[in-house]
A.B. asks: 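Here it is, the structure, as structure tokens.
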Amino acid sequence: MSDNGAIRDGSENRRRRGFPSRPVALVTGGGGDLGLAIGRVLAEDHGARVCPVDLRLGDEARGLAEESGGRSFVPVDVRDGAEAARIVERLDGELGSVDFLVHCAGIARDAVFWKMSPEQFREVVDVHLLGAFHYARAAVPGMRSRGFGRIVALSSINGLRGKRGLANYSSAKAGMIGLVRTLAREVGRFGITANAVAPGMILTGMTRDLPPEVLARSRGETCLERLGEPEDVAWAVSYLCSPRARHVTGTVLTVDGGQTA
């Protein structure tokens with residue numbers, strides 16, 4: 001029994017070598033249902049000091065930041081690259097280098113392609129894709145200097161397939177996959193991984209208000225005959241940030257209950 005325990009402990013120590021004991025986790029969109037669940041799970045699983053960034057933050061997100069030893073930033077427009085740099089610089093000065101960067105910020109401006117304005121297209125692409133670029137660009141130098149980092153971008157199964165009314169959203173989410181795969185190649189030698197999580201239909205405050213027939217259709221696409229909860233996505237993000245995913249980079253982890261199977 002003790003020998004087996006020693007083997008397990010030794011294996012875990014090897015996996016965790018170089019892994020920060022209290023990582024700093026910067027979560028954009030940290031005030032939404034998904035971002036809040038991700039922050040909570042990173043704090044529980046890794047002892048992360050959670051730093052949510054959003055246009056609006058509720059009491060729960062602010063409380064999580066305070067209780068975990070992190071910082072909260074509001075109101076923040078992720079399309080502002082200078083602001084991203086200032087936030088990361090402040091965290092570097094107060095908490096140390098950002099260890100986990102999770103880009104979860106997002107908006108929806110749905111319309112069929114021929115009715116979608118250039119402004120609707122650009123706004124969605126800028127929040128999702130340009131925002132991911134800004135925060136990765138700000139965080140990578142510190143990660144490089146430490147020789148460690150985890151970047152996770154929240155894409156979507158609709159970045160892997162087309163979806164009526166979502167030309168802007170699908171384009172942005174597909175672009176995020178291209179971004180993390182390129183990052184994986186460029187920063188891997190510095191001990192940094194970059195991955196995407198592609199959720200299917202997840203029950204959040206926004207999606208719960210969709211027409212019942214839309215939810216039923218999405219549920220019917222799944223293999224598990226259920227729609228996901230925010231924690232399902234958060235657990236996937238936690239895995240990609242963990243020592244157990246040290247050899248996982250440039251990939252897309254689909255969390256959709258089999259919608260795309």
A.B. asks: Report yes or no: does T222 contribute a side-chain atom to a donor-acceptor pair with the main-chain N or O of G258 at less than 3.5 Å?
C.D. replies: no
A.B. asks: Run the numbers on C104 and V152 for side-chain contact (heavy atoms from CB on, under 4.5 Å), then give the verdict.
C.D. replies: CA-CA 9 Å; C104 191; V152 182; over 6 Å; no
A.B. asks: For D80, enumerate each residue passing the salt bridge (Lys or Arg N to Asp or Glu O under 4.0 Å) test, keeping only those at least two apart in sequence or located in another chain.
C.D. replies: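 Checked D80 against salt bridge (Lys or Arg N to Asp or Glu O under 4.0 Å); zero matches.
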A.B. asks: Does atom CZ of R144 have more than 12 heavy-atom neighbours, drawn from other residues, nucleotides or ligands, at distances under 6.0 Å?
C.D. replies: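 No - once you tally the heavy atoms of other residues, nucleotides and ligands closer than 6.0 Å, there are 12 at most.
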A.B. asks: State whether the side chain of D99 and the backbone N or O of V24 hold a donor-acceptor pair below 3.5 Å, judged by distance alone.
C.D. replies: yes
A.B. asks: Between G31 and A61, what is the shortest heavy-atom contact and its length?
C.D. replies: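 Answer, listing the atom of G31 first, then A61: CA-CB, 4.3 Å.
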A.B. asks: Looking only at heavy atoms, what is the nearest atom pair of R150 and T193, with distance?
C.D. replies: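 What the structure gives for the nearest pair is CD-OG1, 3.0 Å.
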A.B. asks: Near E213 CD, under 6.0 Å, is it more than 12 heavy atoms from other residues, nucleotides or ligands?
C.D. replies: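 Yes, CD of E213 has more than 12 neighbouring heavy atoms, counting only those of other groups under 6.0 Å.
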A.B. asks: Just by modelled atom types, is the V180 backbone N or O under 3.5 Å from a matching donor or acceptor in the N195 side chain?
C.D. replies: no
A.B. asks: Does D126 reach the main-chain N or O of L130 with its side chain, forming a donor-acceptor pair under 3.5 Å?
C.D. replies: no
A.B. asks: So does A167 get a backbone contact from the side chain of S170, meaning a donor-acceptor N/O pair under 3.5 Å?
C.D. replies: no
A.B. asks: Between E221 and R161, is the salt bridge (charged side-chain N to carboxylate O under 4.0 Å, His left out) condition met? List the steps.
C.D. replies: CA-CA 14 Å; E221 288 181 340; R161 66 180 189 180; 3.7 Å; yes
A.B. asks: Measure from the side-chain N and O atoms of D33 to the backbone N and O of G205, and report whether any donor-acceptor pair falls under 3.5 Å.
C.D. replies: yes
A.B. asks: Using a 4.5 Å cut-off on heavy atoms from C-beta on, say whether the side chain of F148 contacts that of M143.
C.D. replies: no
A.B. asks: Hey, does the side chain of S238 reach the backbone of W235 with a donor-acceptor pair shorter than 3.5 angstrom?
C.D. replies: no
A.B. asks: Look at the aromatic rings of H46 and F19 and report parallel, tilted or perpendicular, splitting at 30° and 60°.
C.D. replies: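 Plane angle between 30° and 60°, so tilted.
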A.B. asks: Give me the atom names and distance for the closest heavy-atom approach of A194 to L183.
C.D. replies: CB-CB, 3.9 Å
A.B. asks: Does a side-chain heavy-atom distance below 4.5 Å link T28 with D54?
C.D. replies: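 T28 vs D54: side chains apart.
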A.B. asks: When you measure from the side chain of H103 to the backbone of A153, do you find a donor-acceptor pair of N or O atoms at a distance under 3.5 Å?
C.D. replies: no
A.B. asks: Is there a side-chain contact between T207 and M201 in this structure, where contact means two heavy atoms from C-beta onward sitting under 4.5 Å apart?
C.D. replies: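 Yes, close enough: below the 4.5 Å cut-off.
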A.B. asks: If I compare all heavy atoms of R22 with all of S68, which pair ends up nearest, and what's the gap?
C.D. replies: NH2-O, 2.7 Å
A.B. asks: Between D232 (side chain only) and E229 (backbone N and O only), is there a donor and an acceptor less than 3.5 Å apart?
C.D. replies: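 Between the backbone of E229 and the side chain of D232 there is a qualifying donor-acceptor contact (under 3.5 Å).
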A.B. asks: Taking atom CG of L240 and atom CZ of F100, what is their separation to the nearest 0.5 Å?
C.D. replies: 11.0 Å
A.B. asks: Could you pull out the closest heavy-atom pair between A196 and I177, with the gap in Å?
C.D. replies: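 That closest heavy-atom pairing would be CB-CG1, 4.4 Å.
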A.B. asks: If you count every heavy atom of other residues, nucleotides or ligands that lies below 6.0 Å from E66 atom CD, does the total exceed 12?
C.D. replies: no
A.B. asks: Apply side-chain hydrogen bond (donor to acceptor under 3.5 Å, both in side chains) to R40 and list each qualifying residue two or more places apart in sequence or on a separate chain.
C.D. replies: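 Scan of R40 (side-chain hydrogen bond (donor to acceptor under 3.5 Å, both in side chains), adjacent residues dropped) gives E60.
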A.B. asks: Would a distance-only check, ignoring hydrogens and angles, find a side-chain to backbone donor-acceptor pair under 3.5 Å from K173 to L154?
C.D. replies: yes
